[in-house]
2 protein chains.
Amino acid sequence: MTALPNRDRRAERREATRREILDAAWEIARSEGIAALTLRAVAERIGMRSPSLYSHFESKNAIYDGMFGQAWQQLLALQQATPLPRSPRRRLLVIAQGFFDFSVADLARYQLMNQRTIPDFEPSEEAYAPSLEVMAHLRQDLAEIGITTQADVDLNTAIVAGFVDQQLANDPGGERWRRQLPRLIDMYADAVRLPGPRLRRTT
Amino acid sequence: MTALPNRDRRAERREATRREILDAAWEIARSEGIAALTLRAVAERIGMRSPSLYSHFESKNAIYDGMFGQAWQQLLALQQATPLPRSPRRRLLVIAQGFFDFSVADLARYQLMNQRTIPDFEPSEEAYAPSLEVMAHLRQDLAEIGITTQADVDLNTAIVAGFVDQQLANDPGGERWRRQLPRLIDMYADAVRLPGPRLRRTT
DNA sequence: GTCTATATTCTGATAGAC
DNA sequence: GTCTATCAGAATATAGAC
């Protein structure tokens, strides 16, 4: 009986092509900007004609949707693979640096994940799901060091997101904000009254 | 001699039309997204045909450029019109709230000013100038309360920008981050060792 | 599943009459 | 300075052969 194995291989091949399409889309998004993506360019990059893409994605926005889901899946995977120190402040720093480095590594990805930059695109529930997981995971990580209120979590996400923003906008590829992350975390930890030791000397 | 008066009125009319075009562009950007702007839509909104726009702007990107300059001019005007308290913390709060409210009032404007969302557009030197003025003005305002290092200024801009970002992305039209601004400023002021009094009680 | 051919619509931009 | 007419091209998407 070869029916099932054949179906498996076919499904695998399909999945591989889907990934190939999304990989090509990412390359174009990174080099031309997330809004400059076109089906022709995606198809050309993998040696296809643009109508063939419709065998794998039902529309251009479905490709954006796939990219959106992938991006949040990547962040989720990073989160799950990152061991966190028990020391509250060191833990906060590891969390912040992880998110920061992931974000500044790819402007197009960051824009697709976090900004409404594509006029018509809205993520599907399925693609949106991993972003909810990321937030739940973060809440858990913070809860374990005693940060439990929505206000405290909001404060944390905002200040780290602000660092990403400024780094991308005003010093792309540099370290101008990245190097101040320990200071940022100390500031935040003081505000929410986390126990020491401080990450940086008090000058 | 009517030559000069006539030239004045003509120049005025030209300037008025330019503004009319930019106003229409802003309306479309606000309702459809900054990236969804089209020359036809702009022209239609003011009862023109799209080729006529070329009498006033040499390209679509020139319209984006005009909008970019206008937006930063608006922020500069707001900055100049806002009297600042002498109390260091109250001063920081007024500055932050001013920028925050200005930013969240118009997502399209914020994206054009601060994010690289339009694939080909880069602001001209002329349009970029007011944004430099805004930054210089801010540096001066902060210097007057003893905040002089680049690192301290960077920290300030980043955390406030982060609040704007989160407010726009996760609670547009709401107050979820806006109401934490006093707390944010206290946190920052403590970190840069500004004298009291605190804006909020230490609970 | 990929192709060719094509529909349809829209885009920014130009030429030239008035 | 605004118009009509039009260009040249690009976009997403569909139909149907293979």
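Naming convention: chains lettered A, B, ... in sequence-line order (proteins, then strands); numbering from 1 in each chain.
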**Item:** Rounded distance (Å) that lies between atom P of D/dT4 and atom CE of B/M48
**Value:** 12 Å

**Prompt:** By a strict heavy-atom criterion of less than 4.0 Å, which residues belonging to residues 50-69 of chain B are in contact with DNA chain D?
**Reply:** B/P51, B/S52, B/S55, B/H56

**Fill in**
In DNA chain C, stems of three or more consecutive pairs, Watson-Crick or G-U, each with both distances under 3.5 Å, turn out to be C:1-18 with D:1-18

**Message:** In this structure, how many angstroms lie between the P atom of D/dA5 and the CZ atom of B/R49, rounded?
**Reply:** 9 Å

**Asked** At under 4.0 Å between heavy atoms, what does B/L37 touch on the DNA or RNA strands: base, sugar-phosphate, or nothing?
**Response** sugar-phosphate

**Message:** What is the distance, to the nearest angstrom, from the CG atom on B/L39 to the C1' atom on C/dG12?
**Reply:** 6 Å

**Request:** In whole angstrom, give the distance that lies between atom CG of B/D120 and atom P of C/dT11.
**Result:** 16 Å

**Message:** Within the supplied structure, the quantity of interest is the number of heavy atoms (other residues, nucleotides, ligands) at a distance under 6.0 Å from A/Q80 CD; does it exceed 12?
**Reply:** yes

**Asked** Would you say the side-chain atoms of A/N61 pair up with the backbone N or O of A/Y64, donor to acceptor, closer than 3.5 Å?
**Response** no

**Prompt:** Has the side chain of A/R30 got a donor or acceptor atom that lies under 3.5 Å from a matching backbone atom of A/A25?
**Reply:** no

**Message:** If I take atom CD1 in residue B/I21 and atom P in nucleotide D/dG1, what distance separates them, rounded to the nearest angstrom?
**Reply:** 11 Å

**Reference residue A/Q150; test side chain to side chain donor-acceptor pair (under 3.5 Å); the match among A/T148, A/D154, A/D152** = A/D154

**Prompt:** Looking at A/F68 and A/M113, what are the two nearest heavy atoms and their distance?
**Reply:** CE1-O, 3.7 Å

**Sub-4.5 Å side-chain heavy-atom contact between A/V94 and A/P85** = yes

**Asked** Would you say A/R40 reaches D/dA10's phosphate, i.e. side-chain N/O to OP1/OP2 under 4.0 Å?
**Response** no

**Asked** So, are A/D190 and A/R89 salt-bridged, with charged N and O less than 4.0 Å apart?
**Response** yes

**Asked** Is the side chain of A/D171 donor-acceptor paired with the backbone N or O of A/R176 at a distance under 3.5 Å, no angle test?
**Response** yes

